[in-house]
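Below, read A as the first sequence line, B as the second, and so on, with proteins coming before strands; counting in each chain starts at 1.
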Amino acid sequence: MARAVLRRLALLLPTLLGITLLTFALLHLLPGDGAALRFGGEGADPGAVDAAAFERFRAEHLLDAPLWRQYLDYLGPFDLSPRGHTWFGGSGEQPWGGLLAGDLGHELLRPSVGIAGELAQRLAITVPMSLAAAALIFGIGWPLGVLLAVRRGSALARALDALLFTLYALPTFWLAMALQSLLGGGGLGWLPVVGLHGRDADPSQPLSYALDTLAHAVLPLAALVAPSLAYVARQARSSVLEVLDADFVLCARARGLSERRVLWRHVVPNALTPLVTLAGQTLPWLVGGWVVVETVFELPGMGKYAYDGLMRREYGVVAACVLLSALLTALGHLLSDLAQAWIDPRVRLD
Amino acid sequence: MTEPTHTARRWPRTWGARCALWTLLALVASAVYAPFLANGAPLYLRAFDLRAVRSASAALPALAEEWRASFAPVASIPAEPIVRAAARASLELRLELLARSLDPRSELAAHVERTAQAVDTLAHAPGAAQSQPLDPELNARLDAAVREFDALAQAVEAALVGAAAAANAANTAEAGVLDLPAPWRTSESWPLLASLSFGSWWFALLFPLAAWVALCGMRTRAASLAFAALSLAAIALTLGLRAPPGVATRNLKLAIGAGEVLVERAVFAPVPYGFEETRLSEALRPPTWLPSAELDAQGRYVRGARAGAAGAARPVEVRAGEPSLNSWRRHLLGADSLGRDVLARVLWGGRVSLGVAFAAVLALLALGIVAGLLAGVSRGAFDALFLFVAQTLQSFPSLFLILVAVAALPAHGVHPQAATALVIAAVSWTGVARLVRAQVRAVREREWVLAARASGLSPARVLFAHIAPNALAPALVSGAFALGGAVLAESATSFLGFGVQPPVPSWGAVLRESSAVEHAWILLGPGLLVFAAVASANALGDALRERLELREAA
Amino acid sequence: MSEALEVRGLRVSYATRAGSRGAVAGVDLRLERGAAHSVVGESGCGKSSLALALLGLVRPGGQLAADSYTLDGRAWSLERARDWSELRGRRVGLLLQESAQALDPRLSVERQLREALGAAGAGRERSLELLARVGFDAPGELLARLPHELSGGMRQRVQLACALATGPSYLIADEPTASLDALLARRILTLLASLVERERLGVLMVTHDLAAAAELGGGLSVMYAGTVVERGPVRELLLAPRHPYTEALIAACAAREPLDEPLRGLSGAAPQGVLERDGCAFAERCALARDVCRSARPALLTLGPGRDLACPPRAQGAAR
């Protein structure tokens, strides 16, 4: 088993490489010159730019170098700029750089801010929310799907089915805005709708702070979770229904096992395998869906960071966010593959 | 051991799926016929266009003066024949341009045409090019032409006065017949139809055919013939109904309001607003069937949260063809922050949202099926490459990728909507490809395929005639669900500000307007439509999948 | 006290969009311990529904009812779930057609057996014993294997072991040989026959294969459109059938005349489920059909010990 895991990790490398390649390509397709942005933004007076500083900036950031050189510099671990590693003609002041050295660059409009550091802060918000969302989606979705399958045809199942069908078709951003309007300040006013903490939230009082954070998190989580929940529940239902009709289930019933035992010992374990694959597939959505929700609710997380970066043409930020989410997702896929192999002995890892 | 073939489509039997199909057809219809349903230009107009007369009357006296000067020996004009000829040529050109800018069916144009012909004859008369004094007969004819020209200018002025008087009497409403002085009379035109492009006509004519085929089915030959006939009709309509160049068809509403077009009868579209027609005095007005939308004559809200707001009031301009200020029909879904009618924008927005979604689905099906087929039949390198690419792409959160790519591509000259469609397809094709690949792999070892190969058929034929049809069915199911996903992706993208450039509307872009709670009603219209589109696509996907399963179980 | 499973007036129907459709229309059945009985018919005649109904199981949308259900002298109620859970497994077992889904794909053979043995299954001893009972020579090697690693015949026998694990006195087998080749089918049938003989198991086999029924021995019931049309000892029935349908069935399966004579089929098709009209369901395809056949459903008359027939024209002939 351990060997298979190691092999899987090794196979992950080409995918990771592919991810960096694609991110780099996107970075270069985006319009706007980094140097022009840094030295005056849009519509600045070109004559006011210090030509020497402009040139230096361009050279330092390899903006005129051939693409392969730029990519290698981006990837790291060697820094290929004029101040970089001596092996590549640099002065040796900063030999290391690029992704493999953990360097994600600096913001163009705020050069003192390192993207990696800022991203870490943002992740501290997005990651727990994603985990909470995943817990809700699968924690509610799977059992709901089992319920719908077992009680198919009943009034409850039909009502739930209609509700889930509706939720599945609602756009996340619409739901976010509707919740904001309905339950927020101008509407019923039950829950706060902006940011993650109230203005007078006091970190020194952990309990009320936690409650306040929770209150702020309810609506964003609801907006993100609802459509995915519907999708997962419907998939779970069809997966369980498929297993329910199988012969071995009939045999188990014929042996006198109670319905409950049949369900939990035979049906659900067999229905889990496709659901674990499903969990792997919803990962990118969990990471990417935050862009919309964080923007609407103004949460300072990774999604909003990426969106702001895109609007302000801070492509380094966008690239870092895209890269990170892709990485997390690839890892998530690996975990779900491993989980699947562990659950279902028919699946072999090679 | 017979080979199951993919039968001709029969209809989904559950009422849910039929409902879904009808809903989707209705949505597509609303998008295809949006120019007919919501348009600022009138469908039919019987009016007298004063604008042409005014521009002619401004141009003619000046032309008359120059004309006269070119023939009279005046010290200021050089004597060289070439210069004179050039001066005359330029006059003729301007006369011609003036003639072209007028509606060819009007009397004004006829006048100008006659004058131009007279000018032409005289200019080519012998002796006209020289500077020496012309022979008296020629001179007399020249004088006559000049007088006619002058008279034309004066007649135009008189007509203007007369028509203005008539306009005052008739109040620029479609009240009865306008009493215009002879020989002036109103002309008929179809401005809305003239403004349609070939694409609009083509879709408008072909949609009923497509709907018929979808609902009742049709023989291929009959369908092809109908397709060809309707396409030709679309070309004919585009060319035939196009307004003559120079005839102003835009901003007719404003012209009518300003009294520059005297209307005898005008028929407007049901929603008489263009999607980019702004009106700041009605910015963010709630749906007019709500009591809180009532405005008084000064443009101030009478009740509700915005009543008694301080600040300068802006009286609302009620333009031609529109319901009155507080009519319940005025803005059925309200107006956005620039005063544009939301219903009009939502109807036109459907063209973008649904267009992008359908284009994306077609592209992703094409790409996914081809890639899946190739990966399914290949035994090594291509398959490995495919898996690598698919895995890499599937690791990216799709919305992220879409946003980034849609922000990037238009800068390289790609049309924003095409970019959105392409990127949505590029991000989602892997699912379909994997499905097709799995099906092909399952099917290629089945008996009938082996039989086909054993009988000596070439691999390509085996692929297309035997493997592909049976492997494609799940791809179609996938396509139905992908349609819903594409609509959601496009609206999310335009909601965030990418993918459509203002003023082009799309459902997501309209939703962007509702930033504050008081304007939450903007959520209703586009939200309902997006929901309807996605829900029906999903329901159709479910129905297709059920039929697929039944067929496989049989 | 008779040791038998007896059911009277068993009816199974399914709710479809067009209303209720009958699958089994009032069948009486008696299965004795230590005896084998086969139920034969084409697909759609209701034999599968009958088999499952004996365990109180119906496919989704189905409803079952019976006038009486007696097992080993005791009457069982069809409505009480507790009765069924006592009956299933412990008194009556089920063996299904071999398929990829007949055994839980995730569990190894050992775990399948332990699951079947339930709380009473202590240790590997019982599992090995069961496997030996169903004819495995080296059961130890089998315990760790997964179902997809076994051949069809082996899976079928493991299924049988699971069915026997709960200690039933009667076994219902629904098409147990349908997806096995001739050799494996014969092995299973021999195994079943030996269980009937050695352990006094009462086996009811539902099949479309007359040859399998002949192999198993014991009694034979022929079903058509949800009712039993003829019943009797299998050898006697095959050699001297009385019902026209039985004759046609036999003629279609095997030629007794010279081998180059083609198999004779019957025109038309067997109805799916019970026909909603009076009279014999076979009448429209029967050469002997008379008015009495079309007016009322023929009752199953006893012609002799263990020999029943539901065919008025032939019954009259026999009586004379």
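- Interface check for chain A: of the options C:L55, C:L52, C:D104, C:L94, the most heavy-atom pairs under 4.5 Å are formed by C:D104.
- With chain A as partner, the option from C:L96, C:L95, C:L87 having the largest number of non-hydrogen pairs under 4.5 angstrom is C:L96.
- A salt bridge links C:R133 to C:E199: at least one charged side-chain nitrogen sits closer than 4.0 Å to a carboxylate oxygen.
- Interface check for chain A: of the options C:A165, C:G89, C:S108, the most heavy-atom pairs under 4.5 Å are formed by C:G89.
- With sequence neighbours left out, C:E115 forms a side chain to side chain donor-acceptor pair (under 3.5 Å) with A:R265.
- Residues of residues 223-241 of chain A lying under 4.5 angstrom from chain C, judged on non-hydrogen atoms, do not exist.
- In this structure, A:R260 is not positioned above the aromatic face of A:W264 in the sense of NZ or CZ being under 6.0 Å from the six-membered ring centre and within 45° of the axis.
- Ring geometry, C:W84 versus C:Y69: the interplanar angle exceeds 60°, so the pair is classed perpendicular (tilted spans 30 to 60°).
- For C:Q63, the CD atom is loosely surrounded, since the number of other residues' heavy atoms within 6.0 Å does not exceed 12.
- Residue C:I172 does not touch chain A at all, counting heavy-atom pairs closer than 4.5 Å.
- Applying the side-chain hydrogen bond (donor to acceptor under 3.5 Å, both in side chains) definition to pairs two or more places apart or across chains, those involving residues 151-163 of chain C are C:E98-C:R155, C:Q156-C:Q159.
- Interface residue A:L250: backbone and side-chain heavy atoms are both found under 4.5 Å from chain C.
- Contact tally against chain A (heavy-atom pairs below 4.5 Å) for C:G93, C:P168, C:A116: the top residue is C:A116.
- Side-chain contact between A:R122 and A:E294 is absent, with no heavy-atom pair separated by less than 4.5 Å.
- Evaluation of the ring-ring contact (aromatic ring centres under 6.0 Å, His included) rule for A:F173 yields B:F495 as partners, not counting sequence neighbours.
- Heavy atoms of C:L103 lying under 4.5 Å from chain A belong exclusively to its backbone.
- Between A:N270 and A:V249, the closest side-chain pair of non-hydrogen atoms is not below 4.5 Å.
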